[in-house]
Every structure is written in structure tokens, then in C-alpha cells.
Amino acid sequence: MIQNILTGLNAKQKEAVEAIQGPVLIVAGPGSGKTRVITHRIAYLIKTWDIHPRRILAVTFTNKAAREMEDRLFGKGEKDSVTPLLSYSMRGQLTVGTFHAICARFLRIDGHHIGIDRNYTIYDDGDRLSLIKRALEQLMLDVKTHPPRPIQYAISEVKNKLLTPEDKASQSESYFDEVRQRVYEKYEQLLNDNNALDFDDLLMKTVQLFEAHPEVLAKYQSRYLHVMVDEFQDTNLVQYTLVKQLAGKHRNICVVGDPDQSIYSWRQADIRNILSFERDYTNVKTIYLEQNYRSSQTILEAADCIISANISRKEKALWTKNQQGAHITVAELYDEREEAQYLVSEVEKLISTKRYKLTNCAIMYRTNAQSRAIEEAFIRYGLPYRLVGATKFYDRREIRDILAYLKLVNNSADSIAFLRIVNVPPRGIGQKSIKELARVATDNEISLYEATRRLVAKNERTSLVKKFKVFLDIIDELMAKAKNTDAAGLIDLVLMNAGYKDYILTGEAGEDRLDNAMELRAVADDFADLGPEGSLAALLEGVALVSDVDNLDEKIDAVTLITLHKAKGLEFPIVFIAGMEEYLLPHIRSFDNAEQMEEERRLCYVGVTRAKERVYLVRALRRHMMGVSSSNEPSRFLDDIPEKLIGTPQQPKVHKGFLKAGDKVRHETFGDGIIVASFPAKDDQEITVAFKGGVGLKRMMASMANLERI
DNA sequence: CGAAAGGCTCTTTTT
DNA sequence: GAGCCTTTCG
């Protein structure tokens with residue numbers, strides 16, 4: 001059974017779905033059914049206008065969003081909970097994905113036109129930092145005087161703004177700019193030597209490919225009759241250019257976005273792209289989706305009060321038919337520990353009403369560092385949580401090691417991969433040996449792998465050569481077997497033949513790490529039907545381009561802990577925003593810049609508008625940041641919410657769970673005392689208090705004791 | 001050569 | 001307070 005495509009849409013949504021010709025700009029407020037419009041629009045093109053799915057390109061912000069879109073359109077093939085819009089047989093024909101994933105695919109196919117090998121490696125953040133460090137080393141520059149991180153930002157900025165290195169060079173002023181320039185050039189050379197592209201290259205090189213080879217661009221232009229881009233407010237210049245190129249022929253381009261939710265300017269995203277859009281394309285049809293289906297009246301009103309304080313913004317009138325709903329809760333706690341305990345106990349309260357499940361609750365915060373205190377509280381109380389993206393799966397050592405083996409097999413020029421595993425497991429190859437090998441490589445202008453081959457081929461019986469031969473044999477065997485072994489099979493070989501399994505098992509938490517390795521193997525196995533070469537390429541590419549939210553597993557009943565940035569695009573019945581303080585939200589780094597301050601406000605707006613039913617804005621008076629404790633004023637954003645929308649929570653004299661050793665308290669009969677110990681106990685706290693005046697030690701439950709803090 | 005210990009700088013947000 | 005790098009010792 002297939003749904004009718006236009007039923008159940010409101011007038012504006014219908015208009016957006018039916019506007020299939022020419023440039024269309026959909027300004028979609030939070031909760032306005034944006035995803036629905038996009039999927040229905042695609043279904044409408046395919047079903048009503050008989051457009052072949054192969055001729056549609058849809059760009060999403062995360063892989064997860066891409067997957068969900070496909071699920072909604074074509075179903076999952078199993079027993080679907082929602083009726084798909086189209087038949088399952090069409091699945092896989094549409095081009096959907098993030099800019100990065102789509103460009104990676106283009107370059108795999110057509111990169112050779114601009115000298116990109118089809119087996120190129122994608123370097124992630126860590127890899128590019130290593131490469132910058134190596135560039136500094138080779139230029140004999142000190143890492144301390146030239147920290148790699150800012151250099152990387154600068155390079156990234158250049159690439160995302162489509163400046164050539166020369167552009168940047170011409171405007172360089174200081175000594176540091178000049179150094180940066182030299183590092184940039186060296187870095188590019190190293191990338192090239194390693195047959196590798198960084199994240200930004202994926203986009204920039206695609207634009208360059210299209211510029212240099214109009215015939216390649218023409219191929220894609222003709223194919224993609226319809227182009228759609230989600231989260232358009234967060235596109236940067238490369239992305240904007242790419243879209244312009246691809247839609248250049250048919251000009252059926254539909255972009256969806258909300259300027260008020262633009263929160264990635266630090267990644268060179270530019271809200272002005274929305275304005276440029278109306279300028280660059282003639283006869284743009286602009287449609288505003290203003291009816292909100294997600295949040296209560298109260299939440300929407302509060303959100304509007306927050307965002308309205310931004311000066312540079314287009315007025316928008318969001319409205320909803322939803323109920324007034326509960327008041328916004330604003331809570332103030334002593335420090336981040338108490339804040340965390342408060343969050344846990346509020347979640348427990350909500351759960352105990354049986355109206356909500358843990359999955360319905362999300363705790364959002366500005367910085368990743370804030371998650372620790374919250375996690376600790378959840379662990380103490382034994383409440384399940386899911387932390388989006390702290391220790392990323394693919395960042396784990398064992399995963400990176402195994403992937404390095406696979407990367408080297410796939411691309412022998414990848415020296416970052418080579419160096420990572422040449423001595424893992426230990427083969428007695430240390431600094432000195434590697435220095436020697438590196439000399440051979442630079443002298444002959446060959447990769448480290450090639451250098452190893454030459455060294456071993458000389459057949460000298462030195463211990464150095466013997467050690468390298470052991471490693472070379474392992475890699476060569478993997479390379480040989482890779483011709484008829486798929487990615488999962490290669491992982492088995494790394495574990496067994498390369499001795500990696502024994503190696504991790506002897507180390508700390510060996511079993512867990514082996515479990516992780518097997519999880520990676522399971523991921524690889526998903527690509528099995530692509531055959532030996534295909535599965536390896538697909539695994540490496542997939543792994544390089546996943547985001548944290550992609551792996552958000554909703555099946556387990558647990559509270560979600562997530563940064564405000566990552567929360568974009570998600571929704572929850574209950575939203576807690578922790579750390580509603582000056583210097584944190586808004587973040588201290590935005591204080592000297594009015595534009596950045598407005599972005600902080602939008603970030604807050606994004607957080608509040610994730611909520612359907614209840615919002616808690618929580619702050620702490622004191623907070624440990626980078627070791628030291630400091631006190632923070634309440635966030636200015638709290639001042640923008642009118643009193644009438646805020647419900648004052650009935651604060652018990654001392655909230656249960658708030659007491660810690662060292663706190664001075666007063667008891668009705670025992671008098672004054674000091675807490676010497678406290679233990680969490682289910683939803684309460686068992687405390688031991690030393691009272692004055694000969695009363696002595698008393699042990700009591702915090703909720704029953706009726707203590708007053710003094 | 002490798003493991004362990006101490007010292008250093010950072011944390012805004014991420015495809 | 002943690003990760004990363006360097007130094008030190010076996």
C-alpha cells in the first residue's frame with residue numbers, strides 16, 4: 001500500500017511540494033514539517049511526474065538524515081512501521097547524501113581527470129593534524145611556536161572559501177601568515193605524496209574538477225534534472241558553488257533552510273547564501289513554512305522571544321495549533337555536580353509519572369566538556385544514557401589501527417597509515433629505524449612502503465632489514481589476498497596473520513577492544529555484496545564520512561546527552577539545556593563579536609525548539625572549567641523569556657540529592673552540623689552528619705531529614 | 001627498543 | 001583534568 005502524496009499536507013507545504021520547476025527557496029521554521037515536504041516533493045516528482053529517481057539529487061546534512069529520507073520514501077523492505085511513499089524496488093537509485101559523501105563518490109569516478117587516483121585516502125581531523133606536524137618538521141619549524149591547530153583552521157578556511165593558496169598569500173601580512181603559507185604548501189605536497197584528500201578537498205576538488213572539465217560537469221548536470229539541498233543556511237561557499245554548478249543546466253533547484261538556525265559560521269557557513277540565492281537565480285519562488293507542528297504554545301513563544309532579540313534577521317511569524325502546554329522550568333543549582341544531580345532527579349520524576357520514557361528526554365549543552373559531570377551523575381544513579389559522539393567509535397585506537405592496515409592495503413602511498421601500524425603490534429621498529437627508512441624515502445622520492453620494499457630487496461642481513469621484512473611480508477600478503485577477499489575477510493587477516501588479535505588481548509581491556517574490532521568487522525560485512533575491491537573502498541569511505549549523530553541508536557531506552565550543535569534536526573518531548581550561563585551559552589569566545597553573539601542566540605533557539613512538551617533551562621552558580629572553579633552569571637538569554645512563561649519550580653528547602661560532604665546544615669531537633677559523608681541511594685541520598693553540641697554523628701536519608709543548608 | 005612517568009597546553013561548536 | 005608529547009629508566 002502506498003500513501004497518497006498530497007493528502008495531509010497544509011496549503012503551504014502542498015505549494016512547496018508542487019513547485020517543481022525553476023528555483024525554489026523554502027524557508028522552514030523549526031517543526032514546520034520540513035523533512036516531510038522534502039520527501040513528499042521527491043515522491044511527487046517520481047510518481048506524479050514520472051521523473052526517474054536516478055535523475056534526482058538530494059543533499060542532506062548528515063548521513064542519518066539521508067538514510068531516514070530513503071526509509072521514508074522507499075521503506076526498509078521489512079515490515080514497515082510507516083507506509084512508504086514509493087515502492088521498495090526503487091530504493092538505491094536516488095542520489096542522497098551529505099556534500100562530502102556525494103563529492104567523494106564523484107571524485108572516485110571522475111577524479112582522474114585532475115590527477116586524483118581512484119584509491120585516494122580520506123584524511124580526517126587527526127590525520128590532517130599529523131600531516132601538518134610533519135610539514136612543520138620538514139620545514140624545521142617548531143611545533144610550540146607554530147601550533148598546528150590554528151594552521152589547520154586557516155587551511156580549512158582557505159579551502160572552504162575557494163581561495164587559492166596564492167589569494168591567501170597575497171593578503172598575508174605578518175610573519176605568521178607567511179609561515180602558515182609555507183606550511184600550507186608543504187601540507188598540500190604531502191597530501192599529494194600520500195595520495196590523500198582531506199575533508200575540505202572533497203568539496204574543493206570537485207568544484208575544481210567541474211571548472212576544469214566542463215564535459216564532466218555536463219554529464220552530472222544533464223543527469224540531475226532536480227537538485228534539492230537541506231539545511232541550506234549552513235552551506236559555505238564551496239557547497240554553494242557546487243550546487244550552482246550541478247543545477248546549472250536544468251535550474252530546477254530547491255533549497256530548504258532557516259536563517260534562524262544557522263549555527264556553523266565557524267565552518268565558513270554563510271547565511272548570506274540564502275540571500276545570494278534570490279539574487280543568483282531569477283524568478284525564485286519563495287515559500288514560508290510557518291506552522292509549527294512540534295512544540296507547545298509556551299515553548300514556541302519562549303523561543304520566539306529569544307530569537308527576536310537578534311538584530312540582523314528576517315522577521316518570521318511562527319504559529320501553532322498545539323496546546324499552551326507546561327511552563328518553562330528555570331532552575332538554578334550550586335555547581336555542575338548539583339546541576340547534574342538535578343537533571344537526573346528531574347528525569348526520574350518524569351519517568352515515574354509513567355507519561356514519559358527515558359528516550360523522550362534529551363540533555364543539551366554548549367560544550368562537550370560539560371557532559372562529564374552529567375554522565376557521572378547518570379552512572380551514579382544507574383540511569384541509562386546515550387552520549388552522542390564523545391569517544392567516537394572510529395576514534396578508538398584498535399579501530400584506527402585496523403583501519404590503518406586496510407588503508408595501507410588500499411593505498412600504499414598513505415604514510416600516515418604506514419607509520420601508525422609499522423610497529424603495531426611491536427616489531428622492534430623504533431624511532432631510529434623509521435628515521436633511516438624515511439631517509440631512503442625522501443632521497444628517492446618514494447613512499448615509505450616503496451622504501452621498505454627497496455630496503456628489503458637489498459637482502460642485507462642486518463637486524464634492521466629483518467624487522468622491516470616481517471612487516472612487509474604481512475602487508476604484501478594482505479595486498480595479494482585483497483584481490484579476492486572482501487573487507488571483512490581482510491579484517492580477519494589483520495587480526496590473525498598480522499598478530500593484531502593477540503596483541504590487543506594481552507593489553508588492558510583486551511576483550512572489550514576485541515569486541516570493538518568485531519563490531520568493525522560487522523560493519524565491513526554489510527558491504528560484502530560489493531565484492532573484494534568494492535567492499536574495501538566502501539568501508540573506508542563510509543568510515544571516514546560518518547558523523548556522530550549517524551549512529552544515534554534510538555532502540556535502547558536511554559536519555560540522550562548531546563551538544564546543541566549536534567541536536568539540530570532532532571526533536572524530543574522533553575529538553576533540558578544545561579549550563580545556561582554567561583561565558584558558556586553565550587560562549588566566552590563570542591563576546592567580542594556581535595555576529596558570533598547572534599549565532600550563540602540561534603544556538604539557544606535551536607535547543608529550545610527541539611522540545612515538544614517541556615523545556616528546562618538549568619544553570620549552576622559555580623562551575624569547574626579547565627581545572628579551576630569560577631562563578632558565572634545567568635545567561636542573558638534567560639532574561640528574554642517573559643516571566644509569565646516561566647513556572648517557578650517549588651524548591652524544597654534542600655533538594656534531595658544536593659548535599660555533599662562539607663556542607664553545613666541545620667536540623668530541627670539536632671541543630672547545626674556538617675555533612676561528613678554522602679552516598680547516593682536509588683532516588684535519594686544517604687548522608688552522615690556530624691552535629692555540634694554533643695549530638696554527634698547521625699545517619700539519615702536526605703529526603704526525610706528536612707535539613708536546611710546554612 | 002619499549003613502557004612508564006612527568007610536563008605541557010588546551011576545549012566551542014564538526015562533515 | 002585529560003590527552004599528547006618528551007624524557008627517563010630497565
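- The NZ-C1' distance, from K133(A) to dC5(C), rounds to 9 Å in whole Å.
- Counting non-hydrogen atoms under 4.0 angstrom, D200(A) reaches nothing in the nucleic acid.
- Contact between the side-chain N/O atoms of R366(A) and the OP1/OP2 oxygens of dT13(B) is not found at any separation under 4.0 Å.
- Mapping T98(A) and R589(A) onto DNA chain B by nearest heavy atom places R589(A) at the nucleotide closer to the 5' end.
- dC4(C) and dT13(B) have their C1' atoms separated by 22 Å, given to the nearest Å.
- Using a cut-off of 4.0 Å between Lys/Arg side-chain N and Asp/Glu carboxylate O, R622(A) and E581(A) are scored as not salt-bridged.
- Atom P of nucleotide dT12(B) and atom CD of E595(A) are separated by 19 Å, given to the nearest angstrom.
- OP1 or OP2 of dT14(B) lies within a sub-4.0 Å distance of a side-chain N or O belonging to K566(A).
- Y616(A) meets the ring pair (Phe, Tyr, Trp, His ring centres under 6.0 Å) test with F576(A); sequence neighbours excluded.
- An OP1 or OP2 oxygen of dT13(B) is reached within less than 4.0 angstrom by a side-chain nitrogen or oxygen of N368(A).
- Below the 3.5 angstrom threshold, one finds a donor paired with an acceptor across the side chain of W266(A) and the base of dT13(B).
- In this structure, M625(A) places its CE atom 15 Å from P of dG1(C), rounding to the nearest Å.
- With salt bridges taken as basic N to acidic carboxylate O contacts below 4.0 Å, one links D127(A) and R400(A).
- Salt-bridge formation is not detected for the pair E598(A)/R313(A): no Lys NZ or Arg NE/NH1/NH2 atom is positioned less than 4.0 Å from an Asp or Glu carboxylate oxygen.
- Note on I588(A): nothing from the nucleic acid sits closer than 4.0 angstrom, heavy atoms only.
- In this structure, the NZ atom of K159(A) is 17 Å from the C1' atom of dT14(B), given to the nearest Å.
- Applying the 5.5 angstrom centroid cut-off and the 30 degree plane-angle cut-off, the aromatic ring of H587(A) is stacked upon the base of dT12(B).
- Counted within 6.0 Å of NZ on K467(A), heavy atoms from surrounding residues, nucleotides or ligands total more than 12; the atom is thus considered enclosed.
- Spacing between atom CG of D198(A) and atom C1' of dT14(B) amounts to 14 Å, rounded to whole angstrom units.
- Remark: the D198(A) side chain and the Y187(A) side chain contain an N/O donor-acceptor pair separated by less than 3.5 Å.
- Looking at the side chain of T367(A), the nearest of the listed nucleotides dT12(B), dT14(B), dC1(B) is dT12(B).
- The side chain of T563(A) lies closest to dT14(B) when the candidates are dT12(B), dC4(C), dT14(B).
- As a whole-Å value, the separation of L129(A) CG from dG3(C) P is 16 Å.
- Using a 4.0 Å cut-off, no side-chain N or O of K568(A) falls inside it from OP1 or OP2 of dT13(B).
- Here dT13(B) presents its P atom at 19 Å from CG of N236(A), a figure rounded to the nearest Å.
- In this structure, of dA2(C), dT12(B), dG2(B), it is dA2(C) that holds the atom nearest to the side chain of R372(A).
- For the pair H565(A) NE2 and dT15(B) C1', the computed distance is 13 Å after rounding to whole Å.
- Judged by Watson-Crick or G-U wobble contacts below 3.5 Å, the nucleotide dT11(B) has no partner.
- Regarding contacts with the backbone of dC1(B), a side-chain N or O of S433(A) is found under 4.0 angstrom from either OP1 or OP2.
- Comparing E599(A) and R427(A) by the nucleotide of DNA chain B that holds the closest heavy atom to each, the one mapping nearer the 5' end is R427(A).
- When heavy atoms are screened at a 4.0 angstrom cut-off, S590(A) is found touching no nucleic acid atom at all.
- As judged by a 4.0 angstrom heavy-atom cut-off over every strand, Y153(A) is placed among the base-contacting residues.
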